[in-house]
Amino acid sequence: DAGVIQSPRHEVTEMGQEVTLRCKPISGHNSLFWYRQTMMRGLELLIYFNNNVPIDDSGMPEDRFSAKMPNASFSTLKIQPSEPRDSAVYFCASSYVKSLTYGYTFGSGTRLTVV
Amino acid sequence: AQKVTQAQTEISVVEKEDVTLDCVYETRDTTYYLFWYKQPPSGELVFLIRRNSFDEQNEISGRYSWNFQKSTSSFNFTITASQVVDSAVYFCALIEGDTGNQFYFGTGTSLTVIP
């Protein structure tokens, strides 16, 4: 089991540029979550999907952020245009919601720096 | 109000000392899950333990042990004979309900083990 795979691990971009973060969940998991971690706000949920459908995006900070899950094995989080305050570590996690016995697995995160 | 409170922001101990990390949670659900995650300097979130609300048995795994007390809404984590490799930020987290979809993370406790 390769776990939740996120790419890239590190991203440095200039303010105003578009940034796309990628996530491959664990095969068989039916829920996917995007979290953001900053010093000021800790770990906060941005959006989550059940069976590829966005369920709750109330944590998405503003319209510059968008997330898609075109199929069960892939999701993207896009920021356009990026701003310095978006600098954070972004985590993707997946789980099998019907039974938390299967747990909740986080990817290694993408450290985003917007300069 | 915070659903998960980790009152200890930073702790430093000398190697081989025991250390307890506190976690207090708040929920009205009768079914819920509590977690501990470790975040080493490399940044990934490493799952340590999951506990459901119906299982108050304490658990021991090597040098790690967890004390779950519903009466005080606490889920404390003890590291016995600490080692330098235990230096990390430790997060306590809560998922409410049987098919909960969102982690409520505490703000984390940064543990430094001094050689």
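None of the values given here were measured: they were computed from a predicted structure. Chain identifiers are assigned alphabetically (A, B, ...) following the order of the sequence lines, protein sequences preceding nucleic acid strands; residue numbering begins at 1 within each chain.
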**Student:** Between B:Tyr37 and A:Phe106, is the gap from one ring center to the other below 6.0 Å?
**Tutor:** yes

**Student:** Looking only at heavy atoms, which two atoms of B:Glu44 and A:Phe91 are closest? And how far apart?
**Tutor:**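 In terms of heavy atoms, the two residues are closest at CA-CE2, 4.4 Å.
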
**Student:** Side chain from CB out, backbone as N, CA, C, O: work out which of these in B:Tyr104 comes under 4.5 Å of a heavy atom of chain A, or both, or neither.
**Tutor:**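 Neither part; nothing is under 4.5 Å.
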
**Student:** How long is the straight-line distance from OG1 of B:Thr107 back to CE of A:Met39, given to the nearest 0.5 Å?
**Tutor:** 10.5 Å

**Student:** With a 4.5 angstrom heavy-atom cut-off, could you sort out which part of A:Arg9 is near chain B: side chain, backbone, both or neither?
**Tutor:** side chain

**Student:** For A:Arg41, is the CZ atom crowded, meaning more than 12 foreign heavy atoms sit under 6.0 Å from it?
**Tutor:**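 Check fails, neighbour count at 12 or below.
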
**Student:** Within a 6.0 Å radius of atom CG on A:Asp63, are there more than 12 heavy atoms belonging to other residues, nucleotides or ligands?
**Tutor:**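 Counting neighbours around CG of A:Asp63, 12 or fewer heavy atoms of other residues, nucleotides or ligands fall under 6.0 Å, so no.
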
**Student:** Any side-chain heavy-atom pair from A:Gln37 and B:Phe91 closer than 4.5 angstrom?
**Tutor:** yes

**Student:** Do B:Leu45 and A:Leu43 pass the side chain to side chain contact (heavy atoms under 4.5 Å, CB included) test, and can you show the C-alpha distance, the side-chain angles, and the key distance before you say yes or no?
**Tutor:** CA-CA 11 Å; B:Leu45 284 164; A:Leu43 277 154; 4.3 Å; yes

**Student:** Same cluster for B:Tyr64 and B:Leu34 if Ile/Leu/Val/Met/Phe/Trp/Tyr side chains link at under 4.5 Å?
**Tutor:** yes

**Student:** Determine, using the 4.5 Å side-chain heavy-atom cutoff (strictly less than), whether B:Ile49 and B:Phe77 are members of one ILVMFWY cluster.
**Tutor:** yes

**Student:** Hydrophobic clusters here meaning ILVMFWY residues chained together by side-chain heavy-atom distances under 4.5 Å, can you tell me if B:Tyr33 and B:Val46 are in one?
**Tutor:**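 Different clusters: B:Tyr33 never reaches B:Val46 through Ile, Leu, Val, Met, Phe, Trp or Tyr contacts under 4.5 Å.
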
**Student:** Any chain of hydrophobic side-chain contacts (each under 4.5 Å) joining B:Leu21 to B:Val24?
**Tutor:**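 Shared cluster, no.
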
**Student:** With rounding to the nearest 0.5 Å, note down the distance linking OH in A:Tyr35 to CZ in B:Phe105.
**Tutor:**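 Taking OH in A:Tyr35 and CZ in B:Phe105, the distance rounds to 5.5 Å.
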
**Student:** Examine A:Val114 and A:Met60 and state if one hydrophobic cluster contains both, with Ile, Leu, Val, Met, Phe, Trp and Tyr joined whenever side-chain heavy atoms are less than 4.5 Å apart.
**Tutor:** yes

**Student:** Taking side chain as everything from C-beta outward and backbone as N, CA, C, O, which of these in A:Gln6 sits under 4.5 Å from a heavy atom of chain B? Side chain, backbone, both or neither.
**Tutor:** neither

